[in-house]
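A note on names: the letters A, B, ... follow the listed sequences, proteins ahead of strands, and every chain is numbered from 1.
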Amino acid sequence: MAKVKVKTFSVIRDVLGADIIEIEVAKPETVGRLFDTLARRYGQPFREKLWDPATGELAPFLIVLNETIIRSTTDMERAIRDGDEVAILFPIGGG
Amino acid sequence: MANGFKHGGYVGQILRVNLGNGGVSKEPLREDWAEDFVGGVGLSARILYEELPPKIDPLGPENKLVMMTGPLNGTMLPAASRSSVCAKSPYTGSFFHSIFGGYLGPELKYAGYDGLIVEGRADTPVYLWIDDDRVEIRDAGHLWGKDPFKTQKILREEIGDEEIHIATIGQAGERGLPYAMILCDIRAAGRGGMGAVMGSKNLKAIAVRGTGGVTVPNVLKLYNTALRLNQLFATSPAVQGLSGYGTPRNVAAMNEGGILPTRNWQTEVFKGMKDITGEVMREKVVKGNRACFACSINCTKYSVVSKGPYKSVINGADYETIYGFGSICEVDNIEVMCKADELCDEYGLDLISTALCIAWAMECYEKGIFTREDTGGIDLKFGNADGMLEMIRKIGEQEGLGVLLAKGTRAASAITGQGSERFAIQNKGMEWPGHTCRPFPAAAVGYATGPRGGSHHDIRPTAEKSGLVDRKTLEGKGALAAEVNHWLILCDSMLVCHLAEPIWGPLKISDNTIEALNVVTGWELNYEEARKLAERQWNMIRCFSAREGFTREDDRLPIRFMEEPVPEGPMKGSIIPRETLERLKDDYYTYRGWDLKTGNPTKQKLAELGLDFAIKDIC
Ligand code: SF4
């Protein structure tokens, strides 16, 4: 079980209700498992922010894992450890 | 179509006004040009290529200002609210398109015109009153010197119609400042000095009232497409948050990702970020939303600072305000940003260029190039909010250092010297928006080769910024940049808003875009045909620049991005060195079938696209 801090912004923050939340991720302790755990805990309001209803797939967005940028499209198998910090860079478009 | 024009969505008529001799004429829209260039920017590029001799003075009477709609404007399709203003730019020296949202474009269409061409120069200030069929050039002596909002108020009272839609310039446009904008109701055709071109014609305002409609081949089909697109807009993850937070929804996330441009781009992490986010804006100043015509995304905010030194009322702030008058000048006060936005609107100044010129001056001051004497006594260090506001006033009023800053960072740094050109954040003369390219090679080559230089609407960094593609590799980035150009320019000819990016793009022209165009026009374009339309338009604009003398050498990046890596944060070390940029340019030109030496379209490419008429000019 890995306990990680998740930093959130904008509409993801609205759903999670805080700038930073702590969550425990069961084995296999991966980034993908973290997002599944979040989806289970926060349900449809969370899912609809990050999963594309047209394809059923996770939208492309960047994630900061302890200062390292990783991608939702390729890095969900990445291991996470107790004490890690994960920031969800909600799908970023231009202004 | 019921109106006699062959294709749906068009009125079939262009209004031409010659301010030099007072002539007003209504001309049929060329069907073949609508077929080949669609409308909006593409069509304007074709018109201006035809009608403007090369190398004219952009502020001389020979230049023409073309305001154009697209076939989708005025229909029920969402985000089809945009219109374009095009001319030869006094800022970049080439073809320029500035796009605005709101209601004016659909209104022009309802008045019976696909577009308006303004030529010549009036002897004294005038405004144009377009009331369906009736078109009048009226005296604007009483409006000259007034800010855009006062001008709009007076005109609505004078004409006796609250519902008219109005494009106006401020003092900046009247004075011909090269980054003057046009305010179209509450939305800006902000960039590239289109306001200066309007001012050079002594044209203070264009007021429009239209009571007609738009004809499409099959209303039920249109309705179904509109319904489907609205559902997509409502559910696409990348569009969410725009209604709640507006375009500043990503400020905090961008900072966390190390891509929030700060301190005149010395870094991309802002320590004062927490006070300028979309969340803070919503909590402190936002009073409501003001959507553009028929747009269900509804991103535009209406904000009020009700008391204190920064008392102001604005439409916004948009992300570019937060970037420009926030992180880039290191100001961490949302109320100051509202005031800065209001001042720019009142003077009629492009907000991005204004902010970047001030940030450049702040860096000059930091480095000892400018002294307090130069700044008129202002301690112009980064973070000095009141100093920043005072500099906006000086630019608007043309006082002291404001005279130099009004020329833009390219000209100002050339005059100032002392290495200040190294931190002038512009290419092709235009200052940069708040979207970095240092970690994103496709964005880098897109910015460098874009016709407007520092515009995030000639390229979008989104595919790399969202991780949709691998940002670290150079492979395939020329092709990606070109295909992003294509969906953008096709949207700019249809005149739909880029903010619905995941629906119209984001990697290439999407099926949604093609469906929207087909359902309105009655065309049956497939992907290859739609792509060719877009490619033709992009090459048309490139031909305009080539005829003005632009070559591969002009496809540059701001020096800072080629010499200084991002110093901190998750993107630390990111940089586009010169040799990398040259390699990317080779890749891009090769993909486009352009000449590697000149960077311009080849004879074969022009022939393939039906642009043979340009061969004699540029090959
Ligand atoms: S997304 Fe925003 S800017 Fe674009 S058309 Fe809609 S309301 Fe206007």
Side-chain angles (χ1 to χ4, degrees), chain A residues 5-21 31-32 35 38-39 42 44-78 84-95, chain B residues 231-232 234-259 274 277-279 299 318-323 433-435 439 456-457 459-472 498-503 506 569-572:
Chain A
K5 277 189 181 152
V6 180
K7 272 178 143 176
T8 69
F9 313 99
S10 180
V11 295
I12 305 290
R13 191 209 167 280
D14 290 346
V15 174
L16 270 54
D19 294 337
I20 299 176
I21 59 142
V31 176
F35 278 85
L38 286 166
Y42 294 96
Q44 188 56 19
F46 179 73
R47 287 193 66 84
E48 69 191 22
K49 300 292 178 276
L50 292 178
W51 273 263
D52 190 333
T55 61
E57 287 176 11
L58 198 58
F61 58 92
L62 296 182
I63 300 155
V64 187
L65 174 60
N66 304 325
E67 282 267 304
T68 302
I69 299 269
I70 59 172
R71 299 157 64 194
S72 68
T73 44
T74 54
D75 297 321
M76 297 314 262
E77 297 306 315
R78 190 72 79 102
D84 277 355
E85 278 192 14
V86 176
I88 303 172
L89 306 190
F90 166 76
I92 293 177
Chain B
Q231 274 160 358
L232 277 178
T235 55
S236 165
V239 177
Q240 298 204 22
L242 281 170
S243 172
Y245 294 103
T247 49
R249 67 187 165 148
N250 289 324
V251 172
M254 287 174 73
N255 200 52
E256 191 72 22
I259 53 172
K274 67 175 181 20
T277 60
E279 290 87 328
C299 79
D318 279 322
Y319 166 70
E320 298 302 337
T321 319
I322 305 264
Y323 146 76
H435 302 277
H456 58 305
H457 290 282
I459 187 70
R460 305 292 282 175
T462 310
E464 291 164 304
K465 201 154 85 171
S466 66
L468 190 56
V469 300
D470 181 4
R471 69 179 178 87
K472 289 182 177 154
H498 291 174
L499 285 181
E501 184 164 6
I503 283 85
M571 295 298 185
K572 183 174 176 179

Problem set entry | Note: R13(A)-E279(B) ion pair, threshold 4.0 Å (strictly below) | no
Exercise. At their closest point, which heavy atom of P237(B) faces which heavy atom of L50(A), and how far apart are they?
Worked result: CG-C, 4.1 Å
For this session: Heavy-atom pairs under 4.5 Å with chain A are the metric here; pick the option from A252(B), G246(B), G244(B) that has the most.
Result: A252(B)
Exercise. Which heavy-atom pair separates Y245(B) from D14(A) by the least distance, and what is that distance?
Worked result: OH-OD1, 2.6 Å
Exercise. Looking only at heavy atoms, which two atoms of G569(B) and E67(A) are closest? And how far apart?
Worked result: C-OE1, 4.3 Å
For this session: Calculate, to the nearest 0.5 Å, the distance between atoms CD1 and CZ belonging to I12(A) and R249(B) respectively.
Result: 11.0 Å
Problem set entry | Inter-residue atom distance Q240(B).CD - E48(A).CD, 0.5 Å rounding | 6.0 Å
Problem set entry | Residue among G257(B), G241(B), P433(B) with most heavy-atom pairs under 4.5 Å to chain A | G257(B)
Exercise. Distance from L62(A) atom CG to M571(B) atom CE, nearest 0.5 Å?
Worked result: 6.0 Å
Seminar exercise, completed: Greatest number of non-hydrogen atom pairs under 4.5 angstrom with chain A, of D470(B), L232(B), D318(B), falls to D470(B)
Exercise. Can you list every pair that meets side-chain hydrogen bond (donor to acceptor under 3.5 Å, both in side chains) and has a residue in residues 51-66 of chain A, with sequence neighbours left out?
Worked result: N66(A)-D84(A)
Exercise. Excluding sequence neighbours, so at least two apart, what forms side chain to side chain donor-acceptor pair (under 3.5 Å) with T8(A)?
Worked result: none
